[in-house]
2 protein chains.
Amino acid sequence: MRRSGTTVGGTVIPIGEGRNGAAATKQRVLDAAEALFVEHGFEATSLRAITTAAGVNLAAVNYHFGSKEELFQAVLTRRLDPMNQRRVALLEALEDEGGDAPVPCDRILAAMFLPALELARDPERGGADFLRLLGRAYADPAPFIRHFLSEHYAPMIARFKDAFARALPQLPRRELSWRLHFIMGALSYTLAGTDALKLIHEIAPADGGANDELLLRRLAPFLLAGLTSPLPDLDEAGGGLDGALGPSAGERR
Amino acid sequence: MRRSGTTVGGTVIPIGEGRNGAAATKQRVLDAAEALFVEHGFEATSLRAITTAAGVNLAAVNYHFGSKEELFQAVLTRRLDPMNQRRVALLEALEDEGGDAPVPCDRILAAMFLPALELARDPERGGADFLRLLGRAYADPAPFIRHFLSEHYAPMIARFKDAFARALPQLPRRELSWRLHFIMGALSYTLAGTDALKLIHEIAPADGGANDELLLRRLAPFLLAGLTSPLPDLDEAGGGLDGALGPSAGERR
DNA sequence: CCGAAATTCAAACGTTTGTTTGAACTGAAC
DNA sequence: GTTCAGTTCAAACAAACGTTTGAATTTCGG
């Protein structure tokens, strides 16, 4: 039987927990799952591989988490929720500080990136591995992963979009949505990297959190430039794509 | 036994091919695999689901392609190689046209995006589904997928990086590598989208190639702004991240 | 120190997976 | 019309999967 213990004042008091209690087992499973999920992906990671790496019994996952899918969600929630809460807290601090004036774009972007940076720097809290897992989860087609992400991400995204809308009043809402989407894309893809990085040479191999910091510091100015760029002329033929090609490029086949 | 037929003048002449010949079987398998891989991912798509959807025998995949992994590579190659060849061809046309002068950034970017745009517009050649599959493959941790992509992508990437380096002589090579990586990230993430799009509202749901065209036309100017932005000051404390936060945001915990 | 609850454990559950097998079938060349 | 390589087919393969079971063990309040 699975029990969650007696609740006192809203906080759950774990019961039956000695030197190697249930909490230690759960944490070892979460740590092992985090490392293996990021290395092989969700589908390709078996519960046997996780429990073996964690040094616990196979049945421990279903006992403590219910199912493999719930374990995956638990792995994400452990790091993601605090990071997003911190993001919103930073943003609100900036807004309170500035009074009625809108927060500048670069500061809003900093509020998005800093918590990720802190997480990448802190191996105790998962370090860069978790950020890679998060980037991978974004591209995973599994419905339960998409549902999870939209539920845990949408509120934060909406919060930041409102802030950006105030900072860029001349930018149509629709255009802002697109640009935010591009930002999330470059961010998650970059965080998921390390493997795809090898496609482009001259980029130092990943060697811990220090590298992720440099990465985000290069990414932020890049995205800021795109975010604050003037409106493109979507009406013109080709929208700057077809039209940009010379006549000699037109002859195909 | 599997034979490839007699070769005449370098081209393979298929043998034993009636109304429903071997070539038709291979194509039906490729089409079904393409649709299912993009919907469920590589690991979560079974050969039985593919062969059932294609209306062929289960053993057909191993007979014609060898294994599930080789089938996946065949699905990618069919669309990817022509697209990348076209990209390089467009770029070379621009370079020949301009003589010794470097090709402008926006035209180089157009040479990267146009072939993807054409593919998205053409349902006969896979349409937008394949682009989504490609975006997913980028984030897949499977080693054979990463090897495949680096082999089939690296030459094109290197080619375009040289072109960008000529167009942006003031930009350090290292910085250019990063920015190109960000571009590939935003592009692949955006192409893989449709699901993640729902995180940000106000974006019209995907309804075919016309939408992908609008998407790329918004993405290209966004990335162009980041690509041509001035060098960030990486020496300053925080690199524009920590420094951008006000004093009140500094107090954590 | 006892008893009940929480947790761990080895074993087995029933499916599903990718792949292989050998016979049946097909279609053209001789 | 016989031959034979190419292709299709139903069936079976061993292995791995997530999950369940019920007994053994640990834990701790009373």
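Basis for what follows: all heavy atoms, side chains included, without hydrogens, waters or symmetry-related copies.
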So, is A/Asn57 close to the C/dA10 phosphate, meaning a side-chain N or O under 4.0 Å from OP1 or OP2? yes
Whole-Å distance, B/Glu43 CD to C/dG18 C1', equals 11 Å
Nucleotide nearest B/Leu47 (side chain, heavy atoms from C-beta), chosen from C/dT8, C/dG18, C/dT20: C/dG18
If I take atom CG in residue A/Leu36 and atom P in nucleotide D/dG18, what distance separates them, rounded to the nearest angstrom? 12 Å
B/Ile50 CD1 to C/dT16 C1', in whole Å, measures 15 Å
Kindly point out which of D/dT8, C/dA6, C/dT19 is positioned nearest to the side chain of A/Tyr63? C/dA6
Need to verify one output field. Residue with the more 5' nearest nucleotide on DNA chain C, A/Gly55 or B/Arg48? A/Gly55
Which whole-number value in Å describes the distance from B/Glu69 CD to C/dT17 C1'? 14 Å
So, OP1 or OP2 of D/dT8: does either fall under 4.0 Å of a side-chain N or O from B/His64? yes
Smallest separation among heavy atoms of A/Pro141 and B/Val38, with atom names: CB-O, 4.5 Å
Over how many whole Å does the gap from B/Phe65 atom CZ to C/dT19 atom P extend? 13 Å
Pick base, sugar-phosphate or nothing for B/Thr51, based on heavy-atom distances below 4.0 Å to the nucleic acid. nothing
Output yes when at least one side-chain N/O atom of B/Ser46 is less than 4.0 Å from OP1 or OP2 of C/dT16, else no. no
Spacing of A/Leu58 atom CG relative to D/dT19 atom P, expressed in whole Å: 10 Å
Separation of atom CG in A/Leu71 from atom C1' in D/dT19, rounded to whole Å: 14 Å
Looking at B/Phe42, does the NZ or CZ of B/Lys68 lie under 6.0 angstrom from its six-membered ring centre and within 45 degrees of the ring axis? yes
What I want to find out is whether A/Asp31 reaches A/Arg78 closely enough, with some N-O distance under 4.0 Å, to be called a salt bridge. yes
Where each residue is assigned the nucleotide of DNA chain D containing its nearest heavy atom, which of B/Ala59 and A/Lys68 is assigned the position nearer the 5′ end? B/Ala59
Checking D/dC9, C/dT8, D/dT7 against the side chain of A/Thr25 (C-beta onward), the nearest is C/dT8
When you compare the side chain of B/Asn57 with that of B/Thr25, does any pair of heavy atoms fall below 4.5 Å? no
Any donor-acceptor pair under 3.5 Å linking the side-chain atoms of B/His152 with those of B/Asp81? yes
In whole angstrom, give the distance that lies between atom CD of B/Glu70 and atom C1' of C/dG18. 13 Å
